[in-house]
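Per chain, numbering begins at 1; letters A, B, ... match sequence-line order.
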Amino acid sequence: MNHSEAMNDTAGSARPIAQRYALAVATVAVAFGLASAFTHFNLPQPFSAFALSAIAITFWYAGTAPGVLAAVLSSIVRDYLFEPTTSTQSRLLFDLVFLVFALLMTQVLRHRNQLEVRVAERTAELTQTNDNLKREIAKHNKVEAELRLSQAYLDEAQRLSHTGSWAWSPPPGDIRYWSDECYRVQGFDPKAGQPSFDEFLQSVHPNDQARIVEVIDRAVREKEEFEFDYRIILPDGEVRDARSLGHPILGPTGDLVEYIGTIIDVTDRRQAEKERERLREAQADLAHVSRMTVMGELTASLAHEVNQPITAAVNGAGTCVRWLTREEPDLAEAREAALGVIRNAKRAADIINRIRSISKKGESKRQLADVNELIQEMIALLRSEAMRYSVSVRTELNADLPKVMADPVQVQQVLMNLIMNSIDAMKNVDRERELTIRSQWADNRMLSISVSDTGVGLPPHQEDRIFDAFFTTKSHGIGMGLRISRSIVESHGGRLWAADNSPHGASFHFTLSTPVEVGA
Amino acid sequence: MIAPGALKAHSRYMSCKNENKLVAIVDDDDAVRGTLKELLRSAGYASQTFESAEDFLGSGHQQETACLITDIRMPGMSGLELQARLNAERCRIPTIFITAHGDEQMRFQALRAGAVEFLPKPFDDDVLIESVRAALNR
């Protein structure tokens, strides 16, 4: 609805036109009826007063046009039904009164309509303002809900990561923010309110307090970040490990405003690290025991390996003495023989060193290692053992392979276990006993090393179990060799698996990763 | 296991005569073999070396060999098997066994099969030279 329409016909707009004009007729008829009744009872004749009321009512309720109609009707009724004898002069006077009254009513109506329009406008404005306010409130509620959700997520994340956050104004200020997780980690009761810096310090292990103060003082002086590890003593006496980090916030002029930072509970992490360390040690111990067990089985063969160069050295020494003690000593021959002694004694020492390095119990040391060299050394050590069981050893080594980053002793332990298993698997077979060791490229910058034999093959239907601890098919084995070999290979980022060898025997394969080339 | 040449050599000679006083050394270890040859040379004996029992049998020299020095454990045919084969060929060469891990049983077996000496490695050079001299002077 537009404003001009509202102004024209506000009063009657709600009713149909016929009703509005009917009101004019009806009010005048009522005025006429009342006047007739008054006349009948000989009361003063008041038609004009009734007519004016009829006109006023019609104007008010039905609008201008019906109002005018009521005025005209009143004039006619008065002129022709009540005072037909009245002079033209008085009739005109009455008509003038009705006309002026009608005009007055028109004005009244106009003012009323204007007032209504103003009220409507004001109301619309108020409604608009109200709607805006409601929208604002809804927006605010939404933001608040999101903020609450975000805070809940943050709280949960802090709880899960055992990381609390804080804000602190250096002296003369104090702690300005202290998250829920800070309360938990530091062992404060949230009901007691935000702790002061001194209260924080009191919850720290006495031996750590001075150091913390020193670290923070220096950081504040230099306006730099700080970080320190410390122990918390909880109210129940439990000691926990924590770490705090602080980041300085500087004002526009470079002055230190505050520090914001975190407190992290690292107790569980420390514990896990210690456990891992213990596990590593246990694994190293086990690997060492396993190595020593195998070396024990190899004693005879290893003794033979050492004995050969010693025999050669003794022969050389005897030769040397003979050349020197002849009637005419031959120094050139004696010298040649003595050089041979040195060579063979060194060879014996080399073999002993190799045995010692494998027997040694030491920390795992990763270094660049040539797998082919490791294979050759292991074959040299196990040659006698292979010979003892009439096993011929064949190698297919790719000479172009790069070095691997590995613990040489551990890789040799894997090779030793696999080769010993292969020899074991062939001890009692009648066909040709052949051990083949290959080195080659595998996928993804990995090298593959395989040990194949022509022995009894994998135990049927138990191919997967052979890598289980304590699984063994040997009467003298403890079933740790393959288990340890697999964990060694996996700790080097490789894989160890077994497959049947065609037509006889088994193949064991393992992979080792080559280091990523720097700058490549 | 035996090279074809060995069988041919065997078929040509029904027995061996040890005429040329040759000393043969059979050992799979290069250093042991080489130093043994040098030791014998310093004592005035010429010798010939073989990497394996098969090599020795295939060389055809067993007929001229007056003394055999052999290792026991070797890839392929062992020293004891070599001795047995030579005995079977009626070629009884005085044999000195040298071994890194010989036990009593092995020693007994070797001596019963006609070995003149059974020496554990490393051995005394004088004992070895004396044994060789005794073998050659038979």
Visitor: CG/B/Leu36 to OG1/A/Thr311 distance, rounded to the nearest 0.5 angstrom?
Guide: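 Going from CG on B/Leu36 over to OG1 on A/Thr311, the span is 10.0 Å.
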
Visitor: With a 4.5 angstrom heavy-atom cut-off, which part of B/Asp124 approaches chain A: side chain, backbone, both or neither?
Guide: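 It is neither, since no heavy atom gets under 4.5 Å.
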
Visitor: Pick whichever of A/Arg347, A/Arg343, A/Glu336 has the most heavy-atom pairs under 4.5 Å with chain B.
Guide: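 Going by pairs under 4.5 Å, I would pick A/Arg347.
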
Visitor: Do A/Asn307 and B/Pro122 have side chains that get closer than 4.5 Å, going by heavy atoms?
Guide: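 A/Asn307 reaches B/Pro122 side chain to side chain.
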
Visitor: Around atom CZ of A/Arg335, are there more than 12 heavy atoms of other residues, nucleotides or ligands at under 6.0 Å?
Guide: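 Open: at most 12 neighbouring heavy atoms sit under 6.0 Å from CZ of A/Arg335.
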
Visitor: Measure B/Asp28 against the heavy atoms of chain A and call it side chain, backbone, both or neither at under 4.5 Å.
Guide: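 B/Asp28 touches chain A through side-chain heavy atoms alone.
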
Visitor: Pick one of side chain, backbone, both or neither for B/Ile129, based on which atoms fall under 4.5 Å of a heavy atom in chain A.
Guide: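 Contact with chain A is through the side chain of B/Ile129 alone.
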
Visitor: What part of B/Arg41 lies closer than 4.5 angstrom to a heavy atom of chain A: side chain, backbone, both or neither?
Guide: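 Both backbone and side chain of B/Arg41 come within 4.5 Å of chain A.
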
Visitor: Tell me if the CD atom of B/Glu104 is crowded by more than 12 foreign heavy atoms within 6.0 Å.
Guide: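 Counting neighbours around CD of B/Glu104, 12 or fewer heavy atoms of other residues, nucleotides or ligands fall under 6.0 Å, so no.
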
Visitor: If every non-hydrogen atom of B/Ser42 is compared with every non-hydrogen atom of A/Arg326, which pair is closest and at what distance?
Guide: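 Reported closest heavy-atom pair: O-NH1, 3.8 Å.
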
Visitor: Could you tell me which non-hydrogen atom of A/Ser301 sits nearest to which non-hydrogen atom of B/Arg73, and how far apart they are?
Guide: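 The answer is OG-NH1, 4.3 Å.
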
Visitor: For side-chain contact (heavy atoms from CB on, under 4.5 Å), just list the numbers for A/Val314 and B/Lys121, CA-CA rounded to whole Å, side-chain angles, deciding distance to a tenth of an Å, and then say yes or no.
Guide: CA-CA 9 Å; A/Val314 171; B/Lys121 287 180 184 176; over 6 Å; no

Visitor: Tell me, do B/Asp71 and A/Gln308 make a side-chain contact under 4.5 Å, heavy atoms counted?
Guide: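 Yes, at least one pair of side-chain atoms sits under 4.5 Å.
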
Visitor: A/Arg388 versus chain B, heavy atoms under 4.5 Å apart: side chain, backbone, both or neither?
Guide: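 Both parts, backbone and side chain.
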
Visitor: Which heavy atom of B/Leu39 sits nearest a heavy atom of A/Thr319, and at what distance?
Guide: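 Shortest heavy-atom separation between B/Leu39 and A/Thr319 comes out as CA-OG1, 3.1 Å.
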
Visitor: Just so I know, are the side chains of B/Asp125 and A/Arg322 near enough to count as touching, which here means a heavy-atom distance under 4.5 Å?
Guide: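 Yes; the side chains approach each other to less than 4.5 Å.
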
Visitor: Which of the residues B/Gly34, B/Ser78, B/Ala31, B/Ala43 is involved in the greatest number of heavy-atom pairs with chain A at under 4.5 angstrom?
Guide: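 Answer, by heavy-atom pair count under 4.5 Å with chain A: B/Ala31.
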
Visitor: Could you state the interatomic distance from CG (B/Leu40) to CG (A/Asn315), rounded to the nearest 0.5 Å?
Guide: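 Separation between the atoms: 9.0 Å.
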
